[in-house]
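Along the sequence shown, residues carry numbers from 1.
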Amino acid sequence: MAKKKGFKFPWRAIIMLATFALVGYVVYQNWDGFIETFENLNHANIFVILLLIPEQLFMYYACGQIFFSYLESKYHKVFKKKDKLKISTEMNFVNRAVPAGAVGGLAYLTYRLKPYGVNAGQASFLYIFRFAVTTVVNYVQALIAILILYALGSVPEEATWIIWVSLLMNMGVFVILGLIIYVASSKKRIEWFAMIVGRIIAFITRSVTFGHKRSLFRKEKIQDYFLSIHDCVVIVKKDKKSMIKPTIWGFVYSLCEIGVYWIVACALGRPEILPVIMVGEAIGSVFDGIVPYGPYELGMAGVMGILLGGTEEAVAISLIVTVMARALSLMFTIATGVGPYQQAIRGKDGKFNTD
């Protein structure tokens with residue numbers, strides 16, 4: 001008699017179905033933006049808009065290279081070029097099209113890099129590093145843009161406060177990143193932090209399960225995770241040169257992010273608003289990777305509108321540029337990312353892998 005196979009929970013199938021539901025929700029939430037974008041395409045140069053296709057693909061690749069260049073040089077990991085672009089496209093899809101913020105992106109990066117021998121701590125370190133690099137680059141380019149605006153006399157007196165807000169918001173991020181580095185650079189401090197996190201997880205787990213389950217993770221597992229991050233920080237402090245290539249790719253990636261909005265602005269005949277886009281992007285970047293689409297573009301459009309004078313026309317062009325860039329980027333993200341993501345979840349043979 002044939003032996004009956006034990007039941008395996010189809011978690012991969014559930015994840016994929018949940019993802020499609022979330023993408024459907026994002027599309028529904030942005031439907032007005034899609035309609036508005038198609039209407040505004042009549043007033044845009046389509047040939048310039050088409051530049052978004054190679055520009056976005058290169059942006060995905062640059063983002064992935066922040067991770068891959070470090071793993072290749074420091075840990076001698078081997079990634080094929082097509083796999084780099086594929087994983088980068090999937091990552092962009094998870095970060096942009098699925099409303100999960102940083103948690104979803106980090107979880108997926110950990111999942112995708114695991115077959116290459118990259119542990120959760122290393123993936124987390126790289127994810128934090130990517131956010132740190134892009135924040136620093138955005139801060140620097142915002143300073144350059146502000147100097148350009150002042151040199152051109154393009155900053156309205158009533159809008160000077162927005163300059164200080166943008167700088168202070170980014171400085172706040174630097175403080176947070178500094179605290180992370182401070183804690184992670186010491187084994188004692190990281191062990192203490194791991195203990196606190198473990199207690200918080202245990203408390204939440206007991207509360208939700210009414211005392212039936214003590215914690216989702218063992219103390220040793222939580223400690224190993226944070227100690228792995230500590231090891232990465234120590235390695236980088238000893239070999240700072242290993243971060244040169246990832247930093248350069250982070251710089252390129254940040255410029256590509258600005259490029260999405262500038263291409264749309266150029267297509268609408270407003271290339272001169274590049275410095276304003278750069279300042280708006282600096283504020284938007286504070287939310288990038290933490291929250292999904294929405295607050296990022298809303299804050300950016302608000303800053304751009306104020307710096308352009310606060311008139312109806314200024315607000316209108318700011319909204320049109322940000323909404324079009326968001327909608328076109330989101331459509332391209334879904335079109336290019338849903339297939340690779342589906343393959344990654346289901347496995348190369350097209351069947352659900354429940355191992």
D83: what forms a side chain to side chain contact (heavy atoms under 4.5 Å, CB included) with it, not counting sequence neighbours?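 Scan of D83 (side chain to side chain contact (heavy atoms under 4.5 Å, CB included), adjacent residues dropped) gives K80, Y116.
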Any side-chain heavy atom of [X] sitting closer than 4.5 Å to one from [Y]?
X	Y	result
I235	Y75	yes
K86	Q343	yes
F93	T336	no
M195	W192	yes
L41	M324	yes
K74	Q122	no
V27	I334	yes

Nearest heavy-atom neighbours spanning P340 and T89: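 Scanning both residues, the minimum pair turns out to be CG-CG2, 4.5 Å.
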Work out which heavy atom in K237 is nearest to a heavy atom in S185; give both atom names and the distance.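 Scanning both residues completely, I find the closest heavy atoms to be NZ-CB, 3.8 Å.
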Run the side chain to side chain contact (heavy atoms under 4.5 Å, CB included) check on C63 and N92 step by step: do they pass? CA-CA 9 Å; C63 181; N92 186 73; over 6 Å; no
CD1 on I201 to CZ on F203, rounded to 0.5 Å: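 One finds 13.5 Å between CZ of F203 and CD1 of I201.
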So, [X] side chain and [Y] main chain: donor-acceptor pair closer than 3.5 Å or not?
X	Y	value
T110	L106	yes
Q342	G339	no
T322	L319	yes

Can you run down the side-chain hydrogen bond (donor to acceptor under 3.5 Å, both in side chains) pairs that involve residues 40-54, sequence neighbours left out, and say none if there aren't any?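 Of all non-adjacent pairs touching residues 40-54, none passes side-chain hydrogen bond (donor to acceptor under 3.5 Å, both in side chains).
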Counting only heavy atoms not in R199, do more than 12 fall under 6.0 Å of its CZ?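 Count not over threshold, so no.
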Using ring pair (Phe, Tyr, Trp, His ring centres under 6.0 Å) as the criterion, point out the one residue from F68, Y70, Y61 that pairs with W249.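 Exactly one pass, corresponding to Y61.
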